[in-house]
Amino acid sequence: MHAVILAGGKGVRLRPYTTTLPKPLVPIGDEYAILEIMLHQLSRQGFRSVTLAIGHLGHLIRSYVGDGSRWGLRVDYAVEEAPLGTIGPLLTMRDRLPAEFLVANGDILTDIDFAALLLEHAATRPPLTVATYARKVDIDFGVLTTQAGRVIGFSEKPTLDYQVSMGVYGVSNEALAKYEPGIALGFDELVLDLLAEGRHPREYRFDGYWLDIGRPDDYDRANAEFSKLRPQLMEGRVAVTAGGTPGQNGSAGSGGT
């Protein structure tokens, strides 16, 4: 199984932490960078190879991760000379990617089973599988529904329920075939194009732990919670072989993707 980690952004929302460090290398707890946690999880779940899409301060990521051997992974790199969006980096490396692969933002803290998502994606074969998470948004106003100048509905300070993208995807290589390498392409554009073509992405609902550390408040929360969450983040998901025995250090028998 192969994963692409998107680690090329400037992390503008997380300044000043990202002034001298790329966002995937900001520390979580006393020991780990967030990228290190993700690489550990991928290895433990049976992934064998990872491509890191790097840009801003990418030399620091390359120096920190190296060839990935300390996690039992083969790591290579794709360098963004200019920002390419969420999906654009995949176009430049499409020829060396397998038929189905995982894509994850390099700034999320989660205990999702990455392998289970990718295996389900490979089994069902949609163009795209999106990991989603339930979020509630409290509206502090009375909300009106209007039509032709008339109020036809009213709700006082409602709570709205949304399924949001977690920044984790199963991607089929063929879904990228029509795009030219080198163009900037966002996740939103890919989804809208697929919907316009009637090729609906698949949802992978998740209700465990997920936190996007893109803002200082969320980053501070991640550090405050990490000591309690460390067992489930660092030890909670182990790849299982065909015979039902947990693999050690990610040595799973769930290949084929």
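Small disclaimer: the values here were computed from a predicted structure and weren't measured.
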Colleague: Can you see which heavy atom on Thr110 is nearest to which on Leu233, and at what distance?
Modeller: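 Of all heavy-atom pairs spanning Thr110 and Leu233, the closest is O-CD2, 3.4 Å.
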Colleague: Flag the pair Arg96 and Asp76 as a salt bridge only when some basic side-chain nitrogen lies within less than 4.0 angstrom of an acidic carboxylate oxygen.
Modeller: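 Yes, charged N to carboxylate O under 4.0 Å.
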Colleague: Determine the sole option in Val130, Thr132, Val191 for which the side-chain contact (heavy atoms from CB on, under 4.5 Å) test with Ser165 is passed.
Modeller: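 With Ser165 as partner, side-chain contact (heavy atoms from CB on, under 4.5 Å) holds for just one option, Val130.
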Colleague: Val75 versus Asp67: any side-chain heavy-atom pair under 4.5 Å?
Modeller: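 Of all side-chain heavy-atom pairs linking Asp67 with Val75, none is under 4.5 Å.
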Colleague: Same cluster or not: Leu84 versus Ile87, using hydrophobic residues (I, L, V, M, F, W, Y) connected whenever any side-chain heavy atoms lie under 4.5 Å apart?
Modeller: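 No, Leu84 and Ile87 fall in different hydrophobic clusters.
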Colleague: Might you confirm whether atom CG of Asp207 has over 12 heavy atoms from other residues, nucleotides or ligands at distances under 6.0 Å?
Modeller: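 No - once you tally the heavy atoms of other residues, nucleotides and ligands closer than 6.0 Å, there are 12 at most.
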Colleague: Is there side-chain contact between Val65 and Trp71, with heavy atoms separated by less than 4.5 Å?
Modeller: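 Val65 vs Trp71: side chains touch.
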Colleague: Do you know which two heavy atoms are closest between Arg94 and Ala177, and how far apart they sit?
Modeller: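 Scanning both residues, the minimum pair turns out to be NH2-CB, 3.3 Å.
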Colleague: Using every non-hydrogen atom in the two residues, find where Pro89 and Ala53 come nearest and quote the distance to one decimal.
Modeller: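 Taking every non-hydrogen atom into account, CB-CB, 4.0 Å.
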Colleague: Which is it for Tyr169 and Thr129 under the side chain to side chain contact (heavy atoms under 4.5 Å, CB included) test, yes or no, and what are the steps along the way?
Modeller: CA-CA 5 Å; Tyr169 321 106; Thr129 297; over 6 Å; no
Colleague: Considering non-hydrogen atoms only, spot the tightest contact between Asp113 and Tyr204 and give its length.
Modeller: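 Where Asp113 meets Tyr204 most closely, the heavy atoms are O-OH, 4.2 Å.
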Colleague: Just so I know, are the side chains of Ser69 and Arg74 near enough to count as touching, which here means a heavy-atom distance under 4.5 Å?
Modeller: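 A side-chain contact is absent here, since even the closest heavy-atom pair is not under 4.5 Å.
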Colleague: Using a cut-off of 6.0 Å, state whether more than 12 heavy atoms not belonging to Lys178 lie near its atom NZ.
Modeller: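 Enclosed.
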Colleague: Look up atom CG in Leu128 and atom CZ in Phe187, then write down how far apart they are to the nearest 0.5 Å.
Modeller: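 Going from the CG atom of Leu128 to the CZ atom of Phe187 covers 5.5 Å.
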Colleague: Rounded to the nearest 0.5 Å, how far does OG1 of Thr92 lie from CD of Glu180?
Modeller: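 It is 13.0 Å, given to the nearest 0.5 Å.
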Colleague: Is it the case that over 12 heavy atoms from other parts of the model lie below 6.0 angstrom from the CZ atom of Arg199?
Modeller: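 More than 12 within 6.0 Å, yes.
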Colleague: Find out whether the Lys NZ or Arg CZ of Arg205 is both under 6.0 angstrom from the six-membered ring centre of Tyr133 and within 45° of the ring's axis.
Modeller: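 No, Arg205 and Tyr133 do not form such a contact.
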Colleague: What is the distance from atom CD1 of Ile152 to atom CG of Leu144, rounded to the nearest 0.5 Å?
Modeller: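 Rounded to the nearest 0.5 Å, the CD1-CG separation comes out at 10.5 Å.
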Colleague: Quick one: does Leu6's side chain get under 4.5 Å of Val103's, heavy atoms only?
Modeller: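 They are in contact (side-chain heavy atoms under 4.5 Å apart), so the answer is yes.
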Colleague: When rounded to the nearest 0.5 angstrom, what is the spacing between CD in Glu197 and CG in Asp193?
Modeller: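 With rounding to 0.5 Å, CD (Glu197) is 6.0 Å from CG (Asp193).
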Colleague: Which heavy-atom pair separates Ser49 from His2 by the least distance, and what is that distance?
Modeller: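 Looks like OG-ND1, 2.7 Å.
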Colleague: Check whether NZ of the Lys or CZ of the Arg Arg70 lies under 6.0 Å from the centre of the six-membered ring of Tyr64 and within 45 degrees of that ring's axis.
Modeller: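 Arg70 over Tyr64 ring: yes.
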Colleague: Flag the pair Phe47 / Leu118 as yes when at least one side-chain heavy-atom distance between them is below 4.5 Å, and no otherwise.
Modeller: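 They are in side-chain contact.
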Colleague: Show your working on side chain to side chain contact (heavy atoms under 4.5 Å, CB included) between Leu190 and Leu192 and close with a plain yes or no.
Modeller: CA-CA 6 Å; Leu190 176 62; Leu192 291 172; over 6 Å; no
Colleague: Would you check, one step at a time, whether the test side chain to side chain contact (heavy atoms under 4.5 Å, CB included) holds for Met234 with Ile37?
Modeller: CA-CA 7 Å; Met234 302 300 289; Ile37 294 170; 3.8 Å; yes
Colleague: Between Thr51 and Met93, is a side chain to side chain contact (heavy atoms under 4.5 Å, CB included) present by the stated rule, with each step listed?
Modeller: CA-CA 9 Å; Thr51 299; Met93 63 180 94; 3.6 Å; yes
Colleague: Which distance, rounded to the nearest 0.5 Å, do you find between the CG of Asp161 and the NZ of Lys136?
Modeller: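 NZ of Lys136 is found 3.5 Å from CG of Asp161.
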Colleague: If you group Ile, Leu, Val, Met, Phe, Trp and Tyr by side-chain heavy-atom gaps below 4.5 Å, do Val143 and Val151 land in one group?
Modeller: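 No: no chain of side-chain contacts under 4.5 Å links Val143 to Val151.
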Colleague: Does Gln232 reach the main-chain N or O of Leu229 with its side chain, forming a donor-acceptor pair under 3.5 Å?
Modeller: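 Side chain of Gln232 to backbone of Leu229, a donor-acceptor pair under 3.5 Å: no, none is there.
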Colleague: Quick check: is Leu39 connected to Met1 through a chain of hydrophobic side chains (ILVMFWY, heavy atoms under 4.5 Å apart)?
Modeller: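 Yes: a chain of side-chain contacts under 4.5 Å links Met1 to Leu39.
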Colleague: What do you reckon, is CD of Gln147 surrounded by more than 12 foreign heavy atoms closer than 6.0 Å?
Modeller: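 No, the 6.0 Å shell around CD holds no more than 12 heavy atoms from other groups.
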Colleague: Check whether any side-chain heavy atom of Phe206 lies under 4.5 Å from a side-chain heavy atom of Leu117, and answer yes or no.
Modeller: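 No - every pair of side-chain heavy atoms lies 4.5 Å or more apart.
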Colleague: Evaluate the side-chain proximity of Leu109 to Trp210: yes if any heavy-atom separation is below 4.5 Å, no if none is.
Modeller: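 SC-SC contact between Trp210 and Leu109 ruled out.
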Colleague: Check for a donor-acceptor pair, side chain of Glu100 on one end and backbone N or O of Ala122 on the other, with a separation under 3.5 Å.
Modeller: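 Side chain of Glu100 to backbone of Ala122, a donor-acceptor pair under 3.5 Å: no, none is there.
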Colleague: Could you give the distance from CG (Leu60) to CD1 (Ile54), rounded to the nearest 0.5 Å?
Modeller: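 Leu60 CG to Ile54 CD1: 9.5 Å, rounded to 0.5 Å.
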Colleague: Minimum heavy-atom separation for Pro201 to Leu195, with atom names?
Modeller: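 Answer, listing the atom of Pro201 first, then Leu195: CD-CD2, 4.0 Å.
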Colleague: Heavy-atom distance under 4.5 Å between the side chains of Val4 and Val50, does that happen here?
Modeller: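 The answer is no; the side chains never approach within 4.5 Å.
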